[in-house]
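Some notes on the structure that comes next.
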Amino acid sequence: MTAAVDLLTLGESMVSLRSGGPLSAGGSLSMHVAGAESNVAVGVARLGHTVRWAGVVGEDPHGQFILRQLRSEAIALRHREDGERSTGVMFLEQRTADVSRAYYYRSGSAGSTLNISDVDAALRGGARVVHLTGITAALSPEARRAVEYAAERAAGEGILVSLDVNYRAKLWSRDEARAALAPIVRHASIVVASDDELDLVASGTDVAAGSAEAEVLMAKRLLEHGVREVVVKRGAAGAGAHTADGRWEVPAVPVTSIDSVGAGDAFTAGYLSALLDGDDVAGRLRRGALAGAFAVSTAGDWEGLPRTAELALLANHAAGSTQR
């Protein structure tokens, strides 16, 4: 019998090939693991919790690279290897100092075949929290059914379900996302969304989209339909959370931004790890902001994510400081 873990997450992890400049100019590429769910898995594991990742990779060197990297972060794996399909690949182009572009080669990938049987295997042994994202639901009808099933079954077993909208315009339209996420969000206790994603899981309002008033109204509707915490990520403007007990806000931690890719996943990892530690909503937001700051101030999706003892490095830091 597999032991229960603090966090279970499932989805597609890919090989990310990163450039230091325009891809059209050629040059060297560095190889990394990319995937919203595995980013969160690494972040929560580094912050002291037991984590299991479930997904599908190809029987290829790319898949072996992903499995090796995740195992090195003390993440338990409940994976399947598909001999007929390849592991997904993405190219991340640093087009300018301020603009990165992602190019996906994941259509028909092994990861897109995630199914209900994979979810059953992943849930064997139990978990305190199941974390899902809209990205996996966008990969294929089969993967969408698997995510919906995971949310429904976990909630039915009394497991807290966390859903990060994580909308990707290159994978599906906003209308497609809205329709697919509706049955999933019904089972979520925690909904995490960027300020421009909240309308994908909450019904529309008569006020201007993106306004503070619209956020409050959409959060209220989610809470009325059973969500316990609505967490809104605003990047450099910080983050907020809405619950039945009120609203909390936290500013972003001021750091020098180097690479914003993975920052939202880092925030979510910090938030969920603090929840698992029993922190209140304000404490969860603070740790989320700290984890996000580590992400943007270091290169890579997850490589710079902090361990528990390192959180204090940015809690009261001075720019350019050196610990001696």
Report the residues that fulfil side chain to side chain donor-acceptor pair (under 3.5 Å) with [X], sequence neighbours left out, ordered by chain and then residue number.
X    : answer
T113 : R80
S30  : H32
S260 : none

Pairs where residues 12-27 contributes a residue and the test salt bridge (charged side-chain N to carboxylate O under 4.0 Å, His left out) is met, not counting sequence neighbours
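Listed once each, the pairs are E12-R106, R18-D259, R18-D301.
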Tell me the salt bridge (charged side-chain N to carboxylate O under 4.0 Å, His left out) pairs involving residues 125-141, sequence neighbours left out?
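Residue pairs with at least one partner in residues 125-141: D6-R128.
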Pairing residues for Y105 by the ring pair (Phe, Tyr, Trp, His ring centres under 6.0 Å) criterion, not counting sequence neighbours
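Applying ring pair (Phe, Tyr, Trp, His ring centres under 6.0 Å) to Y105 gives F91.
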With the threshold set at 4.0 Å, does a side-chain nitrogen-carboxylate oxygen contact exist between K233 and D164?
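The answer is yes: the pair qualifies as a salt bridge.
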With a 4.0 Å cut-off on N to O distance, would you call D199 and R178 a salt bridge?
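R178 and D199: salt-bridged.
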Mark yes or no for whether [X], through its side chain, and [Y], through its backbone, hold a donor-acceptor pair below 3.5 Å.
X    : Y    : value
W302 : V33  : yes
N115 : S117 : yes
S13  : G35  : no
Y167 : L198 : no
H79  : V57  : no
S297 : T256 : no
S19  : Q94  : yes

Identify whether L181 and V185 are in the same connected component of the hydrophobic contact network (ILVMFWY, side-chain heavy atoms under 4.5 Å).
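In one cluster: yes.
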Residue list, salt bridge (charged side-chain N to carboxylate O under 4.0 Å, His left out) with [X], at least two apart or on another chain:
X    : answer
R228 : none
D245 : none
D280 : none
D60  : none

Using side-chain contact (heavy atoms from CB on, under 4.5 Å) as the criterion, point out the one residue from H242, E197, R247, E249 that pairs with V232.
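The side-chain contact (heavy atoms from CB on, under 4.5 Å) with V232 is passed solely by H242 among H242, E197, R247, E249.
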Which of these, V250, V253, V281, sits in a side-chain contact (heavy atoms from CB on, under 4.5 Å) with R286?
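By the side-chain contact (heavy atoms from CB on, under 4.5 Å) criterion, R286 pairs with just one of V250, V253, V281: V250.
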Taking the side chain as every heavy atom from C-beta outward, state whether V40 and H131 have any atom pair closer than 4.5 Å.
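Side-chain contact under 4.5 Å: yes.
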Atom pairs and distances, side-chain donor-acceptor, residues 142-151, under 3.5 Å, sequence neighbours left out:
| unit_1 | atom_1 | unit_2 | atom_2 | d |
| --- | --- | --- | --- | --- |
| R144 | NH1 | A137 | O | 3.4 |
| Y149 | OH | D120 | OD1 | 2.4 |

Donor-acceptor pairs under 3.5 angstrom involving side-chain atoms of residues 305-312: please list them, not counting sequence neighbours.
| unit_1 | atom_1 | unit_2 | atom_2 | d |
| --- | --- | --- | --- | --- |
| T308 | OG1 | L47 | O | 3.3 |
| E310 | OE1 | R307 | N | 2.9 |

Does a sphere of radius 6.0 Å around CD in E84 hold more than 12 heavy atoms from other residues, nucleotides or ligands, not counting ones at 6.0 Å or beyond?
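Counting neighbours around CD of E84, 12 or fewer heavy atoms of other residues, nucleotides or ligands fall under 6.0 Å, so no.
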